[in-house]
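Below is one structure, written out as C-alpha cells; comments come after it.
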2 protein chains.
Amino acid sequence: MAVGINKNKSLTVGELAQRCGVAISTIHFYEKKGLIEGWRTTGNQRRYGRQMLRRVAIIRVAQRAGVPLAKVKEHLDRFPRGTITAKEWAKLSQDWHDMLQDRIVALTQLRDQLGTCIGCGCLSLEDCPLRNPDDVLAEEGSGAMLLVD
Amino acid sequence: MAVGINKNKSLTVGELAQRCGVAISTIHFYEKKGLIEGWRTTGNQRRYGRQMLRRVAIIRVAQRAGVPLAKVKEHLDRFPRGTITAKEWAKLSQDWHDMLQDRIVALTQLRDQLGTCIGCGCLSLEDCPLRNPDDVLAEEGSGAMLLVD
DNA sequence: CCTTGACCTCAACTATGGTTCAGGTTGTAT
DNA sequence: ATACAACCTGAACCATAGTTGAGGTCAAGG
C-alpha cells in the first residue's frame, strides 16, 4: 500500500505519474503513443527507468511551449531509448526556444493590433489593421482574408 | 453560377465564407453553435446581414488570440443580435488584449527558461530551472511538479 | 492466508473545432 | 426550360489529448 520512494532503481507507473505531476492514464497514453518506454515485471506491471522522469519532464515542457505530442515524438525519436545527453537537450531546447519565439512574436503583433483597435473603435474604421476590408478586398477578388498573414 | 458580389444587402453562406476566408462548413458550424445568426429565404437558404462579416472577423481574431469558441460566444452574447458598437468592441478587445498579454508573459518566461537551459545542459544540472527536481521534491512529499506554476 | 491498494486491458467517452459525404433542393444564367 | 452551381440536412468522421469505467490481476502488510 505505502508508496515507498524507491531511491535506487525502477519506478512504477504510479510513482512516475506522481513525480511528474500527471495522471496514470496519461502515462499509459504516452506509452501507447511511443513517447516513453519501459519494461514489465513478470506480473505484467510497468516499470520505468529514472531517465523517464526527464523524458516526461521534456514532454511537459514541450507541451507548455505548444508543441503537439506528435512533434515531440519526432524529436525524441532521434535518441531512441534512454538518456538524452546535455548536448541533445540543448538542440531540442534551442528548437523549441525558436518556436516559442515565433509564437510570441505573432501573439505580440496581434496584441498590439488589438491595442490599436481599442483606440480606434476597431472593425468599423477604414484604417483599422484588424478590420476585414470588406468590399475593398472583395473587389480585388481575393478571399478577403482577415489580417496580413 | 457566377458569384456576383452583392454590394447592397444580404450575403449567402458562400459569400460570407469566402469574404471571411473560412469554409462554408465552418459558417454552418458557427451558426449551429450560436455564434452567428441570419435568416432564411423562402427556399430555406441562409442569408446574413453585413454585420456578420464583422462578427466572423471578431471570432477569427479571438481564435488567433487563443480564445475558445465557447468563450467568444459568451462575450458576443452580451450584444445579442446585430451590430457591435465601437465601445462594445473596445471592451472586448481590451479583455482579449489582457488575456493575450498574460499568455505572452507565460510563454516568454518559458522561453527564457529554455534559453537558460541551452546554456546549462538542462535537466541534468542541479540548478536548472526547468529540471524536475526529482528526489528533492519527492522527499518533500509534493507531486514533484515541473516548474513553478 | 487474505485483504487491500495498486496495477492490468480494452473500449467507450469527453471536449474542441471542425471536415466530408450522401442524398436531395434551390436559384439563376442562358 | 433546363442545366449546373450553389445550397440544404444529418450523420459520420478526423485529429488532439486525454479520462472514465468495467472487469480482472498483482503484491505486500498484518
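In what follows, chains are A, B, ... by sequence order, proteins preceding strands, each numbered from 1. From a predicted model like this one, the values you see are computed outputs, not experimental measurements.
Taking every heavy atom of both residues into account, Leu11(A) and Arg50(A) meet most closely at CD1-CA, 4.1 Å. The two residues Arg103(B) and Leu107(A) have their closest heavy-atom pair at NH2-CD1, 3.8 Å. For the pair Ala62(A) and Val72(A), the tightest heavy-atom approach, listed with the atom from each and the gap, is CB-CG2, 3.6 Å.
Atom-to-atom, CD of Glu31(B) to C1' of dT9(D) comes out at 12 Å; the value is rounded to the nearest Å. Rounded to a whole Å, the CD1 atom of Ile24(A) is 14 Å from the P atom of dG5(C). Rounded to an integer number of Å, the gap from NZ of Lys73(A) to C1' of dA17(D) is 16 Å. Following rounding to the nearest Å, Tyr48(B) (OH) and dC8(D) (C1') show an atom-to-atom distance of 12 Å. Rounded to whole Å, atom C1' of dT9(D) lies 17 Å from atom CD1 of Ile27(B).
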Identify each atom pair where a protein N or O and an N or O of nucleotides 12-18 of chain C are less than 3.5 Å apart, giving names and distance.
from, atom 1, to, atom 2, distance (Å)
dG17(C), OP1, Leu69(B), N, 3.4
dG17(C), OP2, Leu69(B), N, 3.2
dG18(C), OP1, Arg60(B), NH2, 3.2
dG18(C), OP2, Tyr30(B), OH, 3.1
dG18(C), OP2, Gln63(B), OE1, 2.6
dG18(C), OP2, Gln63(B), NE2, 3.3

Show each protein N/O and nucleotides 21-24 of chain D N/O combination with a separation under 3.5 Å, one pair to a line.
none

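Listed by first and then second residue, the ring-ring contact (aromatic ring centres under 6.0 Å, His included) pairs that reach into residues 24-71 of chain A come to none, sequence neighbours excluded. For residues 51-75 of chain A, the set of pairs meeting the ring-ring contact (aromatic ring centres under 6.0 Å, His included) definition, not counting sequence neighbours, comprises His75(A)-Trp96(A).
Looking at heavy-atom distances under 4.0 Å, Arg40(B) makes contact with sugar-phosphate atoms alone, never a base.
A salt bridge is defined here as a Lys NZ or Arg NE, NH1 or NH2 lying under 4.0 Å from an Asp or Glu carboxylate O, and Glu31(A) with Arg40(A) meets this definition.
To the nearest 0.5 Å, atoms OG (Ser10(A)) and CD (Glu15(A)) are separated by 7.5 Å. Atom-to-atom distance recorded for Ile27(A):CD1 and Arg19(A):CZ is 12.0 Å, nearest 0.5 angstrom.
Side-chain N/O atoms of Thr41(A) include none lying less than 4.0 angstrom from OP1 or OP2 on dC26(D). Taking only side-chain nitrogens and oxygens, His28(A) comes nearer than 4.0 Å to OP1 or OP2 of dC8(C). OP1 or OP2 of dC7(C) sits under 4.0 Å from a side-chain N or O of Thr12(A).
Side-chain atoms of Arg46(A) lie closest to dT9(C) of the nucleotides dC7(D), dC26(D), dT9(C).
Looking at residues two or more places apart in sequence or on another chain, you find a side-chain contact (heavy atoms from CB on, under 4.5 Å) between Thr41(B) and Gln45(B), Arg47(B).
One end of the helix from dC1(C)-dG30(D) to dT30(C)-dA1(D) points its axis 10° away from the other end's axis, with each axis taken from 5 pairs and the angle rounded to 10°.
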